[in-house]
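So the structure is just underneath, and the comments pick up after that.
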Amino acid sequence: MRGLPLAQSEALLDELWSIAVREEFTWHNEWRVGDLVLWDNRCTMHRRDPFARKRAASSIGRRSNLKRLPRREPPT
């Protein structure tokens, strides 16, 4: 941290990390079809858990191939 000696800065950052990752300050999503998660990068720390590469590649492929559908008129 700017203005602190390295050892003091590292100690403070270690303390902050130990607080930030406590269970009461974390959230985990069990993904289901249709889930959408949004967060504000300005005030949220986030990470992802490891995942199986084969599964991720197919998910990424499906996401990258989304197309805009024509607008449907509501029934009259």
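Just so it is clear, the model here is predicted, and its values are computed rather than measured.
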Side chain to side chain donor-acceptor pair (under 3.5 Å) partners of D35, counting only residues at least two apart |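 With neighbours one apart ignored, the set is N29.
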Apply side chain to side chain donor-acceptor pair (under 3.5 Å) to E30 and list each qualifying residue two or more places apart in sequence or on a separate chain.
->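 By the side chain to side chain donor-acceptor pair (under 3.5 Å) rule, E30 matches H28.
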Close side-chain approach of W27 to T44, heavy-atom, < 4.5 Å =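 The answer is no, as the side chains (C-beta and beyond) never meet within the 4.5 Å cut-off.
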Which residues pass the side-chain contact (heavy atoms from CB on, under 4.5 Å) test with I19, sequence neighbours left out?
->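 With neighbours one apart ignored, the set is E15, R22, F25.
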More than 12 heavy atoms of other residues, nucleotides or ligands under 6.0 Å from CD of E23: is that the case?
->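 No, the 6.0 Å shell around CD holds no more than 12 heavy atoms from other groups.
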